[in-house]
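Small disclaimer: the values here were computed from a predicted structure and weren't measured. Just so it is clear: chains get the letters A, B, ... in the order the sequence lines come, proteins before strands, and each one is counted from 1.
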Amino acid sequence: MAARAIWKGRINLGPVELPVKLLSATHDRAIRFRLLDEKHGEPVRQKMVDADSKVVEPSEIRKALVINDGSLVILSDEELDGLKPEASREISITRFLKAGTISSEWYNRPYWLAPDGDQSGYFAFAEALRNEDREGIARWVMRGKEYAGVVRSHGDYLALITIHFADEVVPAARLDAPAGRDLSQKEVTMAKQIIEAMVDELDLSEFRDEYRERVMELIDAKAEGKIIRFPKASRRRKEQPLEEVLEASLKTTGGKGRTGKAGEKERTGRKAISHARS
Amino acid sequence: MPVRDELDEEEAGRYRPFWSGTITFGLVTVPVELMPAVRTERTALRMVSEAGVPLNRGYFSTRDDKPLEWDDIVRGFEVTRDRFVVVEDDELTKLAPDRSRDIDLRLFVDASGLDPMLFSRAWYLTPAGDSSKAYRLLARVMEESSRAGIATFVMRGREYLVAITADHGVLRAQMLRFTEEIRSPEEAGLPAPDNPPRDEVTRFERRIRAMKAARLDTAELNNPESKRMWALARRKKKAGRDVHRQRGLEATSGVIDLMDRLQKSLAGK
């Protein structure tokens, strides 16, 4: 079934404009539990309470920011409303970066863009992005909120992925790597061999959320009043010097080419115990 | 009793490692802790009373409106309307065998081949345990060879698909959406592709080339609304309007204290 448009806007590329619709690109598959009052088996009621567990009525709840010196400033709803951005239908693209320039921690939520009228312009833009291997940095206001994102081609289509604002992300480049004694060349070489032996093509469809399936099975079984059997827990290994472990790993994984091919089952499922542990 | 942290993952992840466990590759185990790389703006505003007292969520019986303790609360899944199946924490734990709680890397791929549409939340891994040697080794080798290690693991009642990558000597756990969580263009209702006229493609290509940039300028990724909000709060503070003093409050200073914690954790403090 076709998803409903979440929002409609126009991509602005200076003299060129492209009308688009935003469609959700994700399915929410999370299992949602409710909190129940154990005694009555009914959902609990949530209310805000103060430090003395006294209930504070919704009309008495305020929003506040805590400033660096620990003082708290209340901002009224009117004040907060006054800060909202002006409504607009424009998705402005500021620049185009080489695809893949943006580090993964910036990414947030993906949307599909669909043509809203100008179909050939839409597919032309997607093709141009692909040919140039570029992605556009976009800013827009949607439903009273500011967004930043990336417009990129995805197959024949356009996707718009929101990215976090600068004040929400710790970029990897700003962190200091852990320090310690230098690694020996031998260790580095062995680790490389171990990893290269496990290199394979990425086929993400091999990975399924099996835990979710097990939780749903548990719920179904309980709903039908069945007895549930649980898998047994496994034991942990003990510690060994790193170089010995690397050597032992190479014996099991190295030289034989792609252990990744050892079997799809093994990779996706956790049923088979890893060769590394046996 | 449900694990409280699950109710508000973000709150839980703010001030301490969210998870500690091990990454394995071959027979090598790397003890790590998981720290968030992102702190969303959602957490900046706090709910307080008119007198400026920070509020918490309280739970009450629907039947008699009596306050409930954590021990009185269970987790339920609604199977049909108003019919719930109660699921206990240890039942969920038992569904995840020990080894599924480790990040066991058995597949390495070209890190640049990961589809950004799949990226959900990112975390940094910091070394735990006595030595950071195995950590540094994995980070160095993956970074030099531009590899990402792929695995699934169970954490706090959810299975995650994760890509472990290294950047500037730091390991990152980039959570990925499962492919079943992504709508295909057909599912989303996108029209069948057209063959666009060549001159139109060229026109866009020219626009793209005219607007090229080499790197992401994070100054462009400011959040004007949040800036205005903080500016207003500071103005009110100066003027002494609606200001309350509370003991033991931590400032909601964006990512600064998160970064500070990450640095300490990376330095082994």
Identify which part of B:A134 has an atom lying under 4.5 Å from any heavy atom of chain A, answering side chain, backbone, both or neither.
both

Do B:E78 and A:R32 meet the salt-bridge criterion of a basic N to acidic O distance under 4.0 Å?
no

Chain B: which of A:K84, A:R212, A:E217, A:R109 shares the most heavy-atom pairs with it under 4.5 Å?
A:K84

Chain A contact via B:F119 - side chain, backbone, both or neither, heavy atoms under 4.5 Å:
both

Salt-bridge present (A:R214, B:E159; N to O < 4.0 Å):
no

Answer with side chain, backbone, both or neither: which region of B:V87 has an atom nearer than 4.5 Å to a non-hydrogen atom of chain A?
both

Quick check on A:A179 against chain B: is it the side chain, the backbone, both or neither that has a heavy atom closer than 4.5 Å?
backbone

Check each atom of A:M190 against the heavy atoms of chain B and say whether the ones under 4.5 Å are side chain, backbone, both or neither.
neither

Between B:R198 and chain A, with a heavy-atom cut-off of 4.5 Å, which part of the residue counts as in contact: side chain, backbone, both or neither?
side chain

For B:E144 and A:K192: C-alpha separation, side-chain torsions, deciding distance, then whether side-chain contact (heavy atoms from CB on, under 4.5 Å) applies.
CA-CA 9 Å; B:E144 279 179 8; A:K192 257 196 187 131; 2.6 Å; yes

Proximal component of B:R140, with respect to chain A [non-hydrogen, under 4.5 Å]:
side chain

Any Lys/Arg nitrogen of A:R29 or B:E181 sitting under 4.0 Å from an Asp/Glu carboxylate oxygen of the other?
no

Under a 4.5 Å heavy-atom cut-off, does chain A meet the side chain of B:L105, its backbone, both or neither?
backbone

Geometric cation-pi criterion, A:R45 with B:F60: 6.0 Å, 45°:
no

What I want to find out is whether A:D209 reaches B:R177 closely enough, with some N-O distance under 4.0 Å, to be called a salt bridge.
no

Contacting region of B:V79 [heavy-atom separation from chain A under 4.5 Å]
side chain

Set out, in order, the CA-CA distance, both residues' side-chain angles and the distance that settles side-chain contact (heavy atoms from CB on, under 4.5 Å) for B:R158 and A:Y211, then state yes or no.
CA-CA 7 Å; B:R158 253 193 79 181; A:Y211 183 75; 5.6 Å; no

Checking side-chain contact (heavy atoms from CB on, under 4.5 Å) for the pair A:K39/B:D72: CA distance, chi angles, key distance, verdict?
CA-CA 7 Å; A:K39 203 164 133 201; B:D72 305 327; over 6 Å; no

Any chance you could measure A:L75, atom CG, to B:K236, atom NZ, to the nearest 0.5 Å?
5.5 Å

So, the part of A:I161 with a heavy atom under 4.5 Å from chain B: the answer is side chain

Honestly, the part of A:Y107 sitting under 4.5 Å from a heavy atom of chain B is both

Tell me which of these, A:I31, A:I102, A:L80, A:L204, has more heavy-atom pairs under 4.5 Å with chain B than the rest.
A:L204

Roughly how far apart are B:T179 OG1 and A:F207 CZ, rounded to 0.5 Å?
10.0 Å

When you check the gap from the basic side-chain N to the acidic O, do A:E187 and B:K133 get nearer than 4.0 Å?
yes

Considering only heavy atoms, which portion of A:I137 lies under 4.5 Å from any heavy atom of chain B: side chain, backbone, both, or neither?
side chain

Stepwise side-chain contact (heavy atoms from CB on, under 4.5 Å) check, A:L18 with B:F204
CA-CA 11 Å; A:L18 197 62; B:F204 280 112; 4.3 Å; yes

Below 4.5 Å, heavy-atom pairs only: which of A:L242, A:I61, A:L175 has the largest tally toward chain B?
A:L175

Distance check, rounded to the nearest 0.5 Å: B:S61 atom OG versus A:E42 atom CD?
6.5 Å

Determine whether B:K212 and A:R95 make a side-chain contact, defined as any pair of heavy atoms from C-beta on separated by less than 4.5 Å.
no

Verify the distance criterion only: is there a donor paired with an acceptor across the side chains of A:E60 and B:S49 at less than 3.5 Å?
no

Between chain B and each of A:V73, A:D28, A:L36, count heavy-atom pairs under 4.5 Å; write down the option with the most.
A:L36

Which of B:V48, B:L216, B:V141 touches chain A most, by non-hydrogen pairs under 4.5 Å
B:V48

What's the separation between atom CG in A:L65 and atom CG in B:L232, rounded to the nearest 0.5 Å?
8.5 Å

Would you mind checking which part of A:Q46 comes under 4.5 Å of any heavy atom in chain B, side chain (CB onward), backbone (N, CA, C, O), both or neither?
both

Take B:H168 and A:D176, measure what side-chain hydrogen bond (donor to acceptor under 3.5 Å, both in side chains) needs, and give me the verdict at the end.
CA-CA 8 Å; B:H168 293 80; A:D176 300 320; over 6 Å; no

Side chain, backbone, both or neither: which part of A:I93 has a heavy atom under 4.5 Å from chain B?
both

Side chains of B:R172 and A:S103, donor plus acceptor under 3.5 Å
yes

Charged N-O contact under 4.0 Å between A:K145 and B:E225:
no

Flag side-chain contact, heavy atom, 4.5 Å: B:Y59 against A:K47:
no

Under 4.5 Å heavy-atom distance to chain A, tell me which part of B:L68 shows up: side chain, backbone, both or neither.
side chain

Would you please say whether a donor-acceptor pair under 3.5 Å links the side chains of A:H40 and B:D64?
no

Taking side chain as everything from C-beta outward and backbone as N, CA, C, O, which of these in B:V85 sits under 4.5 Å from a heavy atom of chain A? Side chain, backbone, both or neither.
side chain

Give a yes or no on whether a salt bridge exists between A:R139 and B:E220, defined as a side-chain N under 4.0 angstrom from a carboxylate O.
no

Side chains of A:L23 and B:L190, heavy atoms from C-beta outward: is any pair under 4.5 Å?
yes

Picking from A:E132, A:K63, A:E38, which has the most non-hydrogen pairs under 4.5 angstrom with chain B?
A:E132

Applying a strict 4.5 Å limit to non-hydrogen atoms, the region of A:V150 in contact with chain B is neither

Can you measure from NZ (B:K227) to CZ (A:F165) and round to the nearest 0.5 angstrom?
10.5 Å

So which of A:D220, A:T101, A:V56, A:L183 has the biggest tally of heavy-atom pairs under 4.5 Å with chain B?
A:L183

Under 4.5 Å from a heavy atom of chain B, the part of A:D156 involved:
side chain

Flag the pair B:R245 / A:L72 as yes when at least one side-chain heavy-atom distance between them is below 4.5 Å, and no otherwise.
no

Could you go through A:E105 and B:Y124, starting from their C-alpha distance and side-chain angles, then the distance that decides it, and tell me whether this counts as side-chain hydrogen bond (donor to acceptor under 3.5 Å, both in side chains)?
CA-CA 9 Å; A:E105 67 266 21; B:Y124 290 114; 3.3 Å; yes

Where do B:T62 and A:D37 land on the side-chain hydrogen bond (donor to acceptor under 3.5 Å, both in side chains) test, with the steps shown first?
CA-CA 8 Å; B:T62 310; A:D37 163 5; over 6 Å; no

Begin from the C-alpha positions of B:E50 and A:R62 and carry the test salt bridge (charged side-chain N to carboxylate O under 4.0 Å, His left out) through to its verdict.
CA-CA 6 Å; B:E50 286 174 310; A:R62 299 288 175 266; 3.0 Å; yes

Which atoms of B:D115 approach chain A - backbone, side chain, both or neither, heavy atom under 4.5 Å:
side chain

